[in-house]
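One structure is given below, encoded as C-alpha coordinates.
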Amino acid sequence: MTPILSIEGLSKHYGAVVALDGVTFSVNPGEIFGFMGHNGAGKTTALRVLLGLTPPTSGRVTVMGLDPTQDPLGVRSQLGFLPASYALPREMTARSFLCYVGAMFSMPRAEAEARAEALITELGLSSFADRRLGGLSTGMAQKVGFAQALVNRPKLLLLDEPTSGLDPLGRHDLLESLRQLAETQGTTTMFSSHILSDVQTLCRRVAILHKGRLVAFGEAEALKAEHGVADMDALYLALARRERR
Amino acid sequence: MSPAASAVTAAVSNAVTNPALWWMELGRRLGERKSKGLAALYLGALLAAPKLLEKPPPHLLAAAQSWFGGDDPFALFMYVWTDLAMNKLAVVTGIALGAGVLVEERADRSLVLSLSKPITPAGLYALRTGSAVAVAAGLYLITQLAGLGLFAAQIDGFRPGAFWLSGMVHVWAPIFATTLSALCAVAIGRQLGAALVSVLVLFSLVGGAFLGVYNPAWAGALAFNPFTQAVAGVTHLGDQSFATLAPPVVGLLVLNLVLVAVGARLARRVEP
(Lines give C-alpha, C1' and ligand atoms only; values in the text may rest on other atoms or scores of the structure.)
Protein backbone atom coordinates (compact mmCIF):
# COMPACT_ATOMS: atom_id res chain seq x y z
CA MET A 1 0.00 0.00 0.00
CA THR A 2 1.39 3.42 -0.95
CA PRO A 3 1.41 5.70 2.11
CA ILE A 4 -0.65 8.89 1.86
CA LEU A 5 1.97 10.60 3.95
CA SER A 6 5.58 9.69 4.56
CA ILE A 7 8.34 11.28 6.59
CA GLU A 8 11.95 10.17 6.22
CA GLY A 9 14.73 11.39 8.50
CA LEU A 10 12.93 14.65 9.23
CA SER A 11 14.87 17.15 11.33
CA LYS A 12 14.00 20.70 12.20
CA HIS A 13 16.30 23.02 14.13
CA TYR A 14 15.49 26.49 15.40
CA GLY A 15 18.99 27.78 16.08
CA ALA A 16 20.41 25.56 18.78
CA VAL A 17 17.00 24.08 19.61
CA VAL A 18 16.32 20.71 17.99
CA ALA A 19 12.55 20.46 17.50
CA LEU A 20 12.68 17.27 15.39
CA ASP A 21 15.57 14.85 15.12
CA GLY A 22 15.61 12.29 12.30
CA VAL A 23 11.93 11.33 12.50
CA THR A 24 10.72 8.59 10.11
CA PHE A 25 7.21 7.13 9.77
CA SER A 26 4.34 6.86 7.32
CA VAL A 27 0.54 6.97 7.35
CA ASN A 28 -1.65 4.71 5.22
CA PRO A 29 -4.72 5.87 3.28
CA GLY A 30 -8.00 5.64 5.20
CA GLU A 31 -6.53 5.11 8.66
CA ILE A 32 -6.84 7.24 11.78
CA PHE A 33 -3.24 7.53 12.84
CA GLY A 34 -2.26 8.54 16.36
CA PHE A 35 0.55 11.06 16.65
CA MET A 36 1.47 11.25 20.30
CA GLY A 37 3.87 13.12 22.51
CA HIS A 38 4.05 15.48 25.46
CA ASN A 39 3.75 19.25 25.04
CA GLY A 40 6.81 20.45 23.15
CA ALA A 41 7.65 16.98 21.78
CA GLY A 42 7.66 18.30 18.20
CA LYS A 43 4.18 17.30 17.02
CA THR A 44 3.13 20.80 15.95
CA THR A 45 6.46 21.42 14.22
CA ALA A 46 6.04 18.19 12.25
CA LEU A 47 2.53 19.23 11.19
CA ARG A 48 3.80 22.63 10.07
CA VAL A 49 6.43 20.96 7.93
CA LEU A 50 3.76 18.69 6.42
CA LEU A 51 1.71 21.79 5.51
CA GLY A 52 4.71 23.52 3.97
CA LEU A 53 4.43 26.32 6.52
CA THR A 54 8.02 25.86 7.62
CA PRO A 55 10.88 24.12 5.76
CA PRO A 56 12.65 21.13 7.29
CA THR A 57 16.32 21.44 8.19
CA SER A 58 16.87 18.03 6.64
CA GLY A 59 14.90 14.96 5.63
CA ARG A 60 12.18 14.25 3.11
CA VAL A 61 8.41 14.61 3.39
CA THR A 62 5.76 13.45 0.93
CA VAL A 63 2.05 14.24 1.31
CA MET A 64 -0.32 12.69 -1.22
CA GLY A 65 2.59 12.30 -3.61
CA LEU A 66 3.59 15.96 -3.31
CA ASP A 67 6.57 17.58 -1.62
CA PRO A 68 5.26 20.38 0.65
CA THR A 69 8.52 22.29 0.31
CA GLN A 70 8.10 22.37 -3.47
CA ASP A 71 4.32 22.54 -3.81
CA PRO A 72 2.81 23.77 -0.53
CA LEU A 73 -0.36 25.08 -2.15
CA GLY A 74 -0.94 21.80 -3.96
CA VAL A 75 -0.69 19.98 -0.61
CA ARG A 76 -2.89 22.45 1.25
CA SER A 77 -5.59 22.37 -1.41
CA GLN A 78 -6.14 18.67 -0.67
CA LEU A 79 -5.92 18.50 3.10
CA GLY A 80 -7.74 19.88 6.10
CA PHE A 81 -5.93 21.27 9.13
CA LEU A 82 -7.04 22.12 12.65
CA PRO A 83 -4.25 23.76 14.67
CA ALA A 84 -3.85 23.27 18.40
CA SER A 85 -3.87 26.99 19.09
CA TYR A 86 -5.83 29.35 16.89
CA ALA A 87 -8.42 32.08 16.88
CA LEU A 88 -11.43 32.52 14.65
CA PRO A 89 -12.19 35.98 13.21
CA ARG A 90 -14.32 37.53 15.96
CA GLU A 91 -16.61 39.65 13.83
CA MET A 92 -17.64 36.91 11.39
CA THR A 93 -20.43 34.40 11.93
CA ALA A 94 -19.77 30.67 11.65
CA ARG A 95 -21.72 30.62 8.38
CA SER A 96 -19.86 33.55 6.77
CA PHE A 97 -16.52 32.17 7.97
CA LEU A 98 -17.15 28.75 6.42
CA CYS A 99 -18.17 30.48 3.16
CA TYR A 100 -14.97 32.53 3.32
CA VAL A 101 -12.89 29.38 3.77
CA GLY A 102 -14.72 27.82 0.80
CA ALA A 103 -13.76 30.84 -1.30
CA MET A 104 -10.14 30.33 -0.23
CA PHE A 105 -10.41 26.94 -1.93
CA SER A 106 -11.54 28.75 -5.10
CA MET A 107 -15.21 27.83 -4.69
CA PRO A 108 -17.66 30.24 -6.34
CA ARG A 109 -20.01 31.95 -3.85
CA ALA A 110 -22.98 29.61 -4.45
CA GLU A 111 -20.85 26.49 -3.99
CA ALA A 112 -19.18 27.91 -0.87
CA GLU A 113 -22.59 28.75 0.63
CA ALA A 114 -23.94 25.27 -0.14
CA ARG A 115 -20.86 23.63 1.39
CA ALA A 116 -21.13 25.80 4.51
CA GLU A 117 -24.81 24.91 4.88
CA ALA A 118 -24.04 21.19 4.50
CA LEU A 119 -21.34 21.33 7.19
CA ILE A 120 -23.58 23.34 9.52
CA THR A 121 -26.21 20.61 9.25
CA GLU A 122 -23.83 17.62 9.41
CA LEU A 123 -21.88 18.88 12.41
CA GLY A 124 -24.83 20.31 14.35
CA LEU A 125 -23.83 23.96 14.17
CA SER A 126 -27.31 25.26 13.26
CA SER A 127 -28.15 26.75 16.65
CA PHE A 128 -25.18 29.16 16.55
CA ALA A 129 -24.35 29.36 12.84
CA ASP A 130 -25.40 33.01 12.62
CA ARG A 131 -23.83 34.20 15.87
CA ARG A 132 -20.56 36.15 15.90
CA LEU A 133 -17.58 33.85 16.41
CA GLY A 134 -16.23 36.12 19.14
CA GLY A 135 -19.20 35.23 21.32
CA LEU A 136 -19.01 31.43 21.03
CA SER A 137 -18.04 29.06 23.83
CA THR A 138 -14.81 27.04 23.55
CA GLY A 139 -16.71 23.95 22.49
CA MET A 140 -18.74 25.77 19.84
CA ALA A 141 -15.62 27.48 18.48
CA GLN A 142 -13.83 24.12 18.30
CA LYS A 143 -16.74 22.69 16.29
CA VAL A 144 -16.42 25.60 13.84
CA GLY A 145 -12.66 25.00 13.76
CA PHE A 146 -13.30 21.35 12.88
CA ALA A 147 -15.85 22.36 10.24
CA GLN A 148 -13.38 24.72 8.52
CA ALA A 149 -10.96 21.79 8.19
CA LEU A 150 -13.61 19.87 6.24
CA VAL A 151 -14.71 22.59 3.79
CA ASN A 152 -12.67 21.23 0.86
CA ARG A 153 -13.70 17.57 1.48
CA PRO A 154 -10.07 16.71 2.31
CA LYS A 155 -8.56 13.30 1.68
CA LEU A 156 -6.24 13.87 4.62
CA LEU A 157 -6.99 15.60 7.93
CA LEU A 158 -4.22 16.90 10.17
CA LEU A 159 -5.68 17.55 13.60
CA ASP A 160 -3.49 19.03 16.32
CA GLU A 161 -4.92 18.46 19.80
CA PRO A 162 -8.51 18.59 18.47
CA THR A 163 -10.15 17.44 21.70
CA SER A 164 -8.37 19.88 24.02
CA GLY A 165 -10.89 22.12 25.73
CA LEU A 166 -13.87 20.00 24.74
CA ASP A 167 -16.33 18.61 27.28
CA PRO A 168 -16.90 14.79 27.28
CA LEU A 169 -19.90 15.07 24.96
CA GLY A 170 -18.04 17.33 22.53
CA ARG A 171 -15.09 14.93 22.57
CA HIS A 172 -17.33 11.97 21.88
CA ASP A 173 -19.01 13.79 18.97
CA LEU A 174 -15.69 14.74 17.40
CA LEU A 175 -14.21 11.26 17.69
CA GLU A 176 -17.42 9.82 16.24
CA SER A 177 -17.27 12.27 13.32
CA LEU A 178 -13.71 11.14 12.56
CA ARG A 179 -14.76 7.49 12.59
CA GLN A 180 -17.62 8.23 10.22
CA LEU A 181 -15.39 10.20 7.86
CA ALA A 182 -12.95 7.28 7.73
CA GLU A 183 -15.71 4.70 7.18
CA THR A 184 -17.92 6.55 4.72
CA GLN A 185 -15.45 8.70 2.80
CA GLY A 186 -12.15 6.96 3.41
CA THR A 187 -10.70 10.14 4.94
CA THR A 188 -7.27 9.66 6.47
CA THR A 189 -6.69 11.42 9.79
CA MET A 190 -3.44 12.19 11.51
CA PHE A 191 -4.62 12.67 15.06
CA SER A 192 -2.04 14.53 17.11
CA SER A 193 -2.72 14.49 20.82
CA HIS A 194 -1.28 14.14 24.27
CA ILE A 195 -4.63 12.85 25.53
CA LEU A 196 -3.70 9.21 25.31
CA SER A 197 -7.17 7.82 26.00
CA ASP A 198 -8.44 9.51 22.83
CA VAL A 199 -5.64 7.95 20.81
CA GLN A 200 -6.40 4.54 22.34
CA THR A 201 -10.09 4.89 21.46
CA LEU A 202 -9.50 5.93 17.89
CA CYS A 203 -6.20 4.78 16.46
CA ARG A 204 -4.87 1.37 15.45
CA ARG A 205 -1.38 2.63 14.57
CA VAL A 206 0.60 5.31 16.35
CA ALA A 207 3.86 7.24 16.30
CA ILE A 208 5.21 8.55 19.60
CA LEU A 209 7.56 11.52 19.82
CA HIS A 210 9.70 12.40 22.82
CA LYS A 211 11.84 15.54 22.79
CA GLY A 212 11.83 15.63 19.00
CA ARG A 213 12.78 11.98 18.52
CA LEU A 214 10.55 9.14 17.38
CA VAL A 215 10.53 6.61 20.22
CA ALA A 216 7.88 4.23 18.89
CA PHE A 217 5.97 3.59 15.68
CA GLY A 218 3.58 0.81 14.74
CA GLU A 219 0.45 -1.05 15.85
CA ALA A 220 -0.65 0.23 19.27
CA GLU A 221 -1.53 -3.28 20.47
CA ALA A 222 1.83 -4.67 19.38
CA LEU A 223 3.69 -1.82 21.09
CA LYS A 224 1.75 -2.39 24.31
CA ALA A 225 2.51 -6.12 24.19
CA GLU A 226 6.17 -5.45 23.46
CA HIS A 227 6.48 -3.24 26.54
CA GLY A 228 4.21 -5.40 28.71
CA VAL A 229 1.68 -2.65 29.43
CA ALA A 230 -2.12 -2.54 29.30
CA ASP A 231 -2.94 0.89 27.98
CA MET A 232 -1.54 3.89 26.12
CA ASP A 233 -0.81 5.85 29.30
CA ALA A 234 1.40 3.06 30.57
CA LEU A 235 3.04 2.65 27.16
CA TYR A 236 3.87 6.31 26.96
CA LEU A 237 5.26 6.38 30.50
CA ALA A 238 7.38 3.30 29.82
CA LEU A 239 8.85 4.87 26.69
CA ALA A 240 9.44 8.23 28.37
CA ARG A 241 11.22 6.56 31.30
CA ARG A 242 13.38 4.54 28.90
CA GLU A 243 14.39 7.76 27.12
CA ARG A 244 15.22 9.46 30.42
CA ARG A 245 17.81 6.82 31.29
CA MET B 1 -2.37 16.34 -16.70
CA SER B 2 -4.71 14.15 -14.63
CA PRO B 3 -8.11 15.52 -13.48
CA ALA B 4 -6.85 15.55 -9.88
CA ALA B 5 -3.71 17.46 -10.87
CA SER B 6 -5.84 19.88 -12.91
CA ALA B 7 -8.08 20.48 -9.92
CA VAL B 8 -5.06 21.16 -7.72
CA THR B 9 -3.56 23.57 -10.26
CA ALA B 10 -6.91 25.35 -10.58
CA ALA B 11 -7.28 25.73 -6.83
CA VAL B 12 -3.75 27.02 -6.51
CA SER B 13 -3.92 29.54 -9.29
CA ASN B 14 -7.44 30.74 -8.56
CA ALA B 15 -7.38 31.26 -4.79
CA VAL B 16 -6.60 35.00 -4.88
CA THR B 17 -8.21 35.53 -8.27
CA ASN B 18 -11.55 34.22 -6.99
CA PRO B 19 -13.96 37.22 -7.04
CA ALA B 20 -16.07 35.55 -4.33
CA LEU B 21 -13.09 35.62 -1.97
CA TRP B 22 -12.57 39.35 -2.56
CA TRP B 23 -16.25 40.11 -1.91
CA MET B 24 -16.26 38.03 1.27
CA GLU B 25 -12.99 39.62 2.38
CA LEU B 26 -14.53 43.06 1.85
CA GLY B 27 -17.55 42.01 3.91
CA ARG B 28 -15.20 40.76 6.62
CA ARG B 29 -13.35 44.10 6.64
CA LEU B 30 -16.54 46.12 6.78
CA GLY B 31 -17.72 44.03 9.71
CA GLU B 32 -14.61 44.82 11.76
CA ARG B 33 -15.02 47.24 14.66
CA LYS B 34 -12.28 49.54 13.38
CA SER B 35 -14.09 50.02 10.05
CA LYS B 36 -17.22 51.05 11.94
CA GLY B 37 -15.19 53.36 14.19
CA LEU B 38 -13.59 55.00 11.14
CA ALA B 39 -17.03 55.50 9.57
CA ALA B 40 -18.05 57.37 12.72
CA LEU B 41 -14.93 59.60 12.46
CA TYR B 42 -15.72 60.46 8.83
CA LEU B 43 -19.30 61.31 9.81
CA GLY B 44 -17.90 63.54 12.56
CA ALA B 45 -15.71 65.34 10.00
CA LEU B 46 -18.72 65.96 7.77
CA LEU B 47 -20.64 67.53 10.62
CA ALA B 48 -17.72 69.46 12.11
CA ALA B 49 -16.18 71.08 9.01
CA PRO B 50 -18.90 73.71 8.45
CA LYS B 51 -18.83 74.56 12.17
CA LEU B 52 -15.05 75.25 11.94
CA LEU B 53 -15.78 77.80 9.22
CA GLU B 54 -18.52 79.67 11.04
CA LYS B 55 -16.01 81.95 12.72
CA PRO B 56 -12.58 81.45 11.09
CA PRO B 57 -9.76 83.18 12.97
CA PRO B 58 -8.74 86.36 11.10
CA HIS B 59 -5.12 85.24 10.82
CA LEU B 60 -6.21 82.01 9.13
CA LEU B 61 -8.47 83.95 6.78
CA ALA B 62 -5.62 86.31 5.92
CA ALA B 63 -3.20 83.43 5.43
CA ALA B 64 -5.60 81.54 3.18
CA GLN B 65 -6.17 84.66 1.11
CA SER B 66 -2.43 85.05 0.72
CA TRP B 67 -1.82 81.37 -0.12
CA PHE B 68 -4.73 80.78 -2.49
CA GLY B 69 -5.20 84.36 -3.78
CA GLY B 70 -8.30 86.53 -3.49
CA ASP B 71 -10.95 86.14 -0.80
CA ASP B 72 -12.75 83.08 -2.13
CA PRO B 73 -14.55 81.47 0.87
CA PHE B 74 -14.62 78.19 -1.07
CA ALA B 75 -10.81 78.15 -1.21
CA LEU B 76 -10.64 78.55 2.56
CA PHE B 77 -13.22 75.79 3.00
CA MET B 78 -11.29 73.45 0.73
CA TYR B 79 -8.11 74.10 2.71
CA VAL B 80 -9.86 73.43 6.01
CA TRP B 81 -11.66 70.36 4.68
CA THR B 82 -8.64 68.83 2.97
CA ASP B 83 -5.85 69.68 5.39
CA LEU B 84 -7.45 69.92 8.80
CA ALA B 85 -10.04 67.16 8.35
CA MET B 86 -9.37 64.67 5.56
CA ASN B 87 -5.55 64.65 5.63
CA LYS B 88 -5.60 63.74 9.33
CA LEU B 89 -8.34 61.18 8.80
CA ALA B 90 -6.35 59.69 5.93
CA VAL B 91 -3.47 58.98 8.30
CA VAL B 92 -5.71 57.55 11.01
CA THR B 93 -7.51 55.38 8.43
CA GLY B 94 -4.29 54.06 6.96
CA ILE B 95 -2.80 53.13 10.30
CA ALA B 96 -6.01 51.58 11.65
CA LEU B 97 -6.56 49.42 8.57
CA GLY B 98 -3.03 48.83 7.33
CA ALA B 99 -0.71 48.51 10.32
CA GLY B 100 -2.19 45.18 11.37
CA VAL B 101 -2.05 43.37 8.01
CA LEU B 102 -0.85 39.80 8.71
CA VAL B 103 0.93 40.76 11.97
CA GLU B 104 -2.30 41.35 13.87
CA GLU B 105 -3.58 37.98 12.65
CA ARG B 106 -0.33 36.34 13.66
CA ALA B 107 -0.61 37.88 17.13
CA ASP B 108 -4.23 36.76 17.61
CA ARG B 109 -3.42 33.27 16.20
CA SER B 110 -5.82 33.42 13.24
CA LEU B 111 -3.02 33.57 10.63
CA VAL B 112 -2.26 29.87 10.96
CA LEU B 113 -5.80 29.02 9.82
CA SER B 114 -5.53 31.28 6.75
CA LEU B 115 -2.10 30.02 5.75
CA SER B 116 -3.15 26.39 6.06
CA LYS B 117 -5.33 27.07 3.00
CA PRO B 118 -4.04 27.17 -0.59
CA ILE B 119 -2.95 30.78 -0.43
CA THR B 120 0.58 32.15 -0.14
CA PRO B 121 1.56 34.77 2.46
CA ALA B 122 2.06 37.19 -0.44
CA GLY B 123 -1.44 36.42 -1.76
CA LEU B 124 -2.96 36.83 1.68
CA TYR B 125 -1.10 40.12 2.08
CA ALA B 126 -2.51 41.36 -1.24
CA LEU B 127 -6.00 40.25 -0.20
CA ARG B 128 -5.92 41.87 3.24
CA THR B 129 -4.23 45.06 1.99
CA GLY B 130 -6.62 45.21 -0.96
CA SER B 131 -9.67 45.05 1.29
CA ALA B 132 -8.14 47.68 3.60
CA VAL B 133 -7.56 49.97 0.62
CA ALA B 134 -11.11 49.37 -0.62
CA VAL B 135 -12.57 50.31 2.77
CA ALA B 136 -10.26 53.35 3.10
CA ALA B 137 -11.17 54.62 -0.38
CA GLY B 138 -14.83 53.72 0.05
CA LEU B 139 -15.16 55.62 3.32
CA TYR B 140 -13.44 58.64 1.79
CA LEU B 141 -15.56 58.69 -1.37
CA ILE B 142 -18.84 58.14 0.49
CA THR B 143 -17.93 61.04 2.79
CA GLN B 144 -17.07 63.20 -0.21
CA LEU B 145 -20.38 62.25 -1.85
CA ALA B 146 -22.31 63.10 1.29
CA GLY B 147 -20.38 66.38 1.48
CA LEU B 148 -21.60 67.30 -1.98
CA GLY B 149 -25.18 67.41 -0.70
CA LEU B 150 -24.42 68.75 2.77
CA PHE B 151 -21.95 71.54 2.01
CA ALA B 152 -23.84 73.01 -0.96
CA ALA B 153 -26.32 74.50 1.47
CA GLN B 154 -23.79 75.48 4.14
CA ILE B 155 -20.71 76.88 2.37
CA ASP B 156 -20.77 80.18 0.50
CA GLY B 157 -19.65 79.81 -3.11
CA PHE B 158 -19.52 76.00 -2.88
CA ARG B 159 -18.49 74.49 -6.22
CA PRO B 160 -19.59 70.83 -6.40
CA GLY B 161 -17.48 69.97 -9.45
CA ALA B 162 -14.25 71.30 -7.98
CA PHE B 163 -15.03 69.68 -4.62
CA TRP B 164 -15.57 66.27 -6.22
CA LEU B 165 -12.55 66.52 -8.53
CA SER B 166 -10.20 67.44 -5.68
CA GLY B 167 -11.58 64.46 -3.75
CA MET B 168 -10.80 62.14 -6.65
CA VAL B 169 -7.15 63.12 -6.31
CA HIS B 170 -7.07 63.30 -2.51
CA VAL B 171 -8.63 59.84 -2.11
CA TRP B 172 -5.10 58.61 -2.84
CA ALA B 173 -4.00 60.01 0.52
CA PRO B 174 -5.82 57.36 2.63
CA ILE B 175 -4.89 54.74 0.04
CA PHE B 176 -1.21 55.67 0.36
CA ALA B 177 -1.44 55.77 4.16
CA THR B 178 -2.94 52.26 4.10
CA THR B 179 -0.42 50.68 1.74
CA LEU B 180 2.49 52.31 3.57
CA SER B 181 1.22 51.12 6.97
CA ALA B 182 0.71 47.59 5.60
CA LEU B 183 4.25 47.62 4.25
CA CYS B 184 5.53 48.77 7.66
CA ALA B 185 3.58 45.91 9.25
CA VAL B 186 5.38 43.16 7.32
CA ALA B 187 8.72 44.99 7.31
CA ILE B 188 8.74 45.52 11.10
CA GLY B 189 6.77 42.44 12.04
CA ARG B 190 4.83 43.99 14.93
CA GLN B 191 1.61 45.97 14.83
CA LEU B 192 2.60 48.51 17.47
CA GLY B 193 5.98 49.17 15.86
CA ALA B 194 4.37 49.48 12.43
CA ALA B 195 1.77 51.90 13.78
CA LEU B 196 4.39 54.08 15.49
CA VAL B 197 6.63 54.26 12.41
CA SER B 198 3.58 54.95 10.22
CA VAL B 199 2.44 57.75 12.54
CA LEU B 200 5.88 59.34 12.40
CA VAL B 201 6.29 59.10 8.63
CA LEU B 202 2.70 59.91 7.64
CA PHE B 203 2.23 62.90 9.95
CA SER B 204 5.59 64.30 8.78
CA LEU B 205 4.39 64.03 5.19
CA VAL B 206 0.98 65.51 6.04
CA GLY B 207 2.69 68.39 7.85
CA GLY B 208 4.57 69.18 4.66
CA ALA B 209 1.67 68.70 2.23
CA PHE B 210 1.02 72.42 1.77
CA LEU B 211 4.58 73.69 2.30
CA GLY B 212 4.89 74.40 -1.42
CA VAL B 213 1.82 76.62 -1.16
CA TYR B 214 3.06 78.44 1.89
CA ASN B 215 6.40 79.05 0.19
CA PRO B 216 6.31 78.53 -3.59
CA ALA B 217 10.12 78.51 -3.69
CA TRP B 218 10.02 75.05 -2.03
CA ALA B 219 7.32 73.62 -4.28
CA GLY B 220 9.68 71.81 -6.64
CA ALA B 221 11.83 70.31 -3.91
CA LEU B 222 8.79 69.02 -1.97
CA ALA B 223 7.02 67.45 -4.93
CA PHE B 224 8.18 63.98 -3.81
CA ASN B 225 5.70 64.12 -0.92
CA PRO B 226 2.71 61.91 -1.81
CA PHE B 227 0.45 64.12 0.30
CA THR B 228 1.57 67.18 -1.70
CA GLN B 229 0.52 65.33 -4.83
CA ALA B 230 -2.75 64.25 -3.21
CA VAL B 231 -3.77 67.86 -2.48
CA ALA B 232 -3.20 68.91 -6.10
CA GLY B 233 -6.97 69.31 -6.50
CA VAL B 234 -6.91 72.07 -3.88
CA THR B 235 -3.68 73.76 -4.88
CA HIS B 236 -4.95 73.87 -8.49
CA LEU B 237 -8.44 74.99 -7.54
CA GLY B 238 -8.35 77.75 -10.14
CA ASP B 239 -7.16 75.54 -12.98
CA GLN B 240 -8.39 72.01 -12.32
CA SER B 241 -7.93 70.15 -15.58
CA PHE B 242 -6.84 66.76 -16.88
CA ALA B 243 -3.35 68.15 -17.42
CA THR B 244 -2.98 69.33 -13.82
CA LEU B 245 -4.72 66.44 -12.02
CA ALA B 246 -3.81 63.34 -14.06
CA PRO B 247 -0.03 63.35 -13.34
CA PRO B 248 -0.40 63.26 -9.53
CA VAL B 249 -3.05 60.52 -9.79
CA VAL B 250 -0.85 58.41 -12.06
CA GLY B 251 2.15 58.99 -9.79
CA LEU B 252 0.19 57.97 -6.70
CA LEU B 253 -1.23 54.91 -8.46
CA VAL B 254 2.25 53.72 -9.40
CA LEU B 255 3.63 54.49 -5.94
CA ASN B 256 0.87 52.45 -4.27
CA LEU B 257 1.32 49.52 -6.63
CA VAL B 258 5.04 49.53 -5.82
CA LEU B 259 4.32 49.62 -2.08
CA VAL B 260 1.92 46.66 -2.35
CA ALA B 261 4.42 44.71 -4.46
CA VAL B 262 7.25 45.32 -1.98
CA GLY B 263 4.95 44.42 0.93
CA ALA B 264 3.88 41.19 -0.79
CA ARG B 265 7.52 40.28 -1.28
CA LEU B 266 8.33 40.92 2.38
CA ALA B 267 5.22 38.97 3.40
CA ARG B 268 6.75 35.78 2.00
CA ARG B 269 8.94 35.51 5.08
CA VAL B 270 5.97 35.70 7.48
CA GLU B 271 5.43 32.41 9.32
CA PRO B 272 2.23 31.86 11.33
Side-chain angles (χ1 to χ4, degrees), chain A residues 14 44 47-48 50-55 64-66 71-93 95-113 116 132-134 144-145 148-149 151-155 158 160, chain B residues 1-37 100 102 104-124 126-128 131 135 268-272:
Chain A
Y14 293 100
T44 299
L47 293 178
R48 286 184 173 220
L50 290 171
L51 282 159
L53 292 175
T54 190
M64 289 170 286
L66 300 171
D71 188 4
L73 302 192
V75 169
R76 288 180 219 153
S77 66
Q78 298 182 76
L79 57 75
F81 176 56
L82 178 64
S85 174
Y86 65 95
L88 300 167
R90 296 181 60 80
E91 280 88 3
M92 295 181 99
T93 65
R95 188 186 304 278
S96 62
F97 176 61
L98 293 176
C99 286
Y100 184 89
V101 172
M104 291 182 103
F105 284 102
S106 301
M107 292 180 191
R109 178 179 282 271
E111 186 186 344
E113 285 172 350
R132 286 175 62 246
L133 292 169
V144 177
Q148 66 79 35
V151 165
N152 59 328
R153 298 180 181 84
K155 294 174 190 164
L158 304 181
D160 196 1
Chain B
M1 190 183 281
S2 71
S6 300
V8 170
T9 307
V12 169
S13 58
N14 289 340
V16 186
T17 55
N18 182 6
L21 181 58
W22 283 91
W23 277 112
M24 290 180 203
E25 168 62 24
L26 186 59
R28 176 180 172 177
R29 269 280 180 208
L30 288 170
E32 288 176 359
R33 255 181 274 179
K34 50 192 167 192
S35 298
K36 292 171 186 166
L102 298 196
E104 183 181 17
E105 292 152 89
R106 186 176 59 193
D108 75 11
R109 296 171 295 117
S110 61
L111 186 63
V112 66
L113 280 183
S114 300
L115 290 182
S116 69
K117 307 296 179 278
I119 189 166
T120 58
L124 190 63
L127 184 73
R128 298 293 287 153
S131 69
V135 170
R268 296 191 305 181
R269 64 185 186 183
V270 173
E271 280 192 22

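In what follows, chains are A, B, ... by sequence order, proteins preceding strands, each numbered from 1.
- For the set G65(A), S85(A), A110(A), P72(A), the entry with the most heavy-atom pairs within less than 4.5 Å of chain B is S85(A).
- Atom-to-atom distance recorded for R109(A):CZ and N18(B):CG is 10.0 Å, nearest 0.5 angstrom.
- Taking OG of S114(B) as the start and OH of Y100(A) as the end, the distance is 6.0 Å to the nearest 0.5 Å.
- Here Y86(A) contributes atom OH and D108(B) contributes atom CG; the two are 13.0 Å apart, rounded to the nearest 0.5 Å.
- Ranked by heavy-atom pairs shorter than 4.5 Å toward chain B, the options L53(A), L158(A), N152(A) are led by L53(A).
- Side-chain contact check for P55(A) versus E271(B): some heavy-atom pair is nearer than 4.5 Å.
- A distance of 6.5 Å separates CZ in R76(A) from CG in L115(B), rounded to the nearest 0.5 Å.
- The residue among G31(B), P121(B), P272(B) with the most heavy atom pairs within less than 4.5 Å of chain A is P272(B).
- Neither the backbone nor the side chain of L111(B) comes within contact range of chain A; no heavy atoms are under 4.5 Å apart.
- Counting heavy atoms of neighbouring residues, nucleotides and ligands inside a 6.0 Å radius, atom CZ of R132(A) exceeds 12 of them.
- V101(A) and K117(B) make their closest contact through CG1-CE, 3.4 Å (heavy atoms, listed as atom of the first residue, atom of the second, distance).
- Distance CE/M107(A) to CG/L21(B): 12.0 Å, rounded to 0.5 Å.
- S110(B) approaches A87(A) most closely through the heavy-atom pair CB-O, 3.2 Å.
- With contacts defined as side-chain heavy-atom distances shorter than 4.5 Å, the pair V112(B)/R48(A) qualifies.
- Highest contact tally toward chain B, considering only S96(A), P108(A), C99(A), is held by C99(A) [criterion: heavy-atom pairs under 4.5 Å].
- Taking all atoms of both residues into account, the shortest heavy-atom contact from Q148(A) to L113(B) is NE2-CD2, 3.4 Å.
- Note: L30(B) CG to E91(A) CD = 11.5 Å, rounded to the nearest 0.5 Å.
- Contacts of E25(B) with chain A are made by both backbone and side-chain atoms, with heavy-atom separations under 4.5 Å.
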